[in-house]
Number of protein chains: 4
Amino acid sequence: MNQESMDSQEQAIALDRLIQRLREFAHERAWEQFHSPKNLSMALIVEAAELVEHFQWLTEQQSLQLSVDKLAAVEQELADIFIYLIRLSDRLDVNLIEAAWRKIEINERKYPAENVRGKAGKPSEY
Amino acid sequence: MNQESMDSQEQAIALDRLIQRLREFAHERAWEQFHSPKNLSMALIVEAAELVEHFQWLTEQQSLQLSVDKLAAVEQELADIFIYLIRLSDRLDVNLIEAAWRKIEINERKYPAENVRGKAGKPSEY
Amino acid sequence: MNQESMDSQEQAIALDRLIQRLREFAHERAWEQFHSPKNLSMALIVEAAELVEHFQWLTEQQSLQLSVDKLAAVEQELADIFIYLIRLSDRLDVNLIEAAWRKIEINERKYPAENVRGKAGKPSEY
Amino acid sequence: MNQESMDSQEQAIALDRLIQRLREFAHERAWEQFHSPKNLSMALIVEAAELVEHFQWLTEQQSLQLSVDKLAAVEQELADIFIYLIRLSDRLDVNLIEAAWRKIEINERKYPAENVRGKAGKPSEY
């Protein structure tokens, strides 16, 4: 096994462990009672908004050149979103990685490269 | 290598491949110009809201008992959020899994199990 | 003029004055440069999320029975949303009240009372 | 009474009528059961995201120069946000206009013009 695939494996074990760790985290605090999909979707969008808040007054260019402190704060918001995304997927028994691959296939058909090159927005808006 | 770790490895390779595939997806469409962190944070919260929309009129109990069709639709929203989360993290050179572990450690200290058991909300609200 | 319509008039003058006051507030701070519709839409959703945060772990019933302190905090979030909504509408030259009436007419046709009584969700979901 | 104050009065009556009309709209459809503050906060943020979606791939400059069609669509989203904001405030017995004035006073103290001129973000970030 080469270095890259070992890193991949470590990463994968970490992903499975994240699901498990977040279950334990909730269980240790008796928080399962609050973790309905409805409530978790609310918590997730609240974290997404904390991310948006970092960027709201920046130009696009500035958002690509964050200071070290700002990037560290943004990284925590990305982590919070990921944590609730994993937790909600776990509650609904959704495999995030498989779901992402399926969605990419759908997007491939919805946005054929030759039709949408350099154009943003919904297909209906071209 | 046992079955579980093989699954883990496949999952990890898929995760690395997701990052790579989403780069290609954007490149094939010349969409890098739109993918500033500012814009991606907006796209991410839009997807988070499409998730919330599925739950807005459901009771918490109903949100745990989704129909097959509804669950399939919710899974696509989870995938969309994951896709933008990966894409944004890639643009900022953030390792999502490491960031999640670091955040869990922070949360461990912020919400000690013995203090918050069965209580939701911010520490300041107890 | 009876008491009710006088109250109404005072309220209306306050509404017009709000638009004017928020223009001045931005001008005094040289904030017009930040107040593009794009940025204001981000600020608005961030405030909406601060509202959602107050309700994320509450039951629906609890959300109807807020403590005095919680209600005061929620009221500030509602005000923040209103402020950005007024400011964004002003930047786009949209008359909020007229827009709301037009939308209610659209909703009347989209959700005929006899068809949707007691049912939530989009017409396509019935 | 001059023309301006008559317009103001008409506008105010429309505002009071909006509150009343939205109560009736919900009642005619037996939707009160869905309109807990928790659920209405979710509906509000979903509408805020539909607004954000219109701006997500635009530059700030483009967001100031919307086409007639785009502006009409944006106006509907602003109306939807306003409708849920009014409805939620009504459910919580909050007077939006008074709340906005109180919040502007708070903001005056939080962001003194001389300190924040030309600077965006939280006071802690200057």
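- Proximity to chain A (any heavy atom under 4.5 Å) is restricted, for B:Leu44, to the side chain, taken from C-beta onward.
- No side-chain heavy atom of A:Glu75 sits under 4.5 Å from any side-chain heavy atom of B:Leu92.
- Only the side chain of A:Leu71 comes within less than 4.5 Å of a heavy atom in chain B; its backbone stays farther off.
- Proximity to chain A is limited to the side chain of B:Phe25, based on heavy atoms less than 4.5 angstrom apart.
- Of all the listed residues (B:Ala99, B:Ser41, B:Pro37), the one sharing the greatest number of non-hydrogen pairs under 4.5 Å with chain A is B:Pro37.
- Interface residue B:Ile83: only side-chain heavy atoms are found under 4.5 Å from chain A.
- Heavy-atom distances place the backbone of A:Gln56, and not its side chain, under 4.5 Å from chain B.
- Heavy atoms of A:Ile86 lying under 4.5 Å from chain B are absent altogether.
- With a threshold of 4.5 angstrom between heavy atoms, A:Leu96 approaches chain B through its backbone and through its side chain.
- In this structure, no portion of A:Leu40 lies under 4.5 Å from any heavy atom of chain B.
- Looking at A:Asn107, the atoms closer than 4.5 Å to chain B (heavy atoms on both sides) sit in the backbone and in the side chain alike.
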As a quick check of understanding, evaluate salt bridge (charged side-chain N to carboxylate O under 4.0 Å, His left out) for B:Lys103 and A:Glu77, giving each step before the final call.
CA-CA 9 Å; B:Lys103 193 53 169 53; A:Glu77 303 305 347; over 6 Å; no

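- The shortest side-chain heavy-atom distance between A:Arg17 and B:Trp101 falls under the 4.5 Å cut-off.
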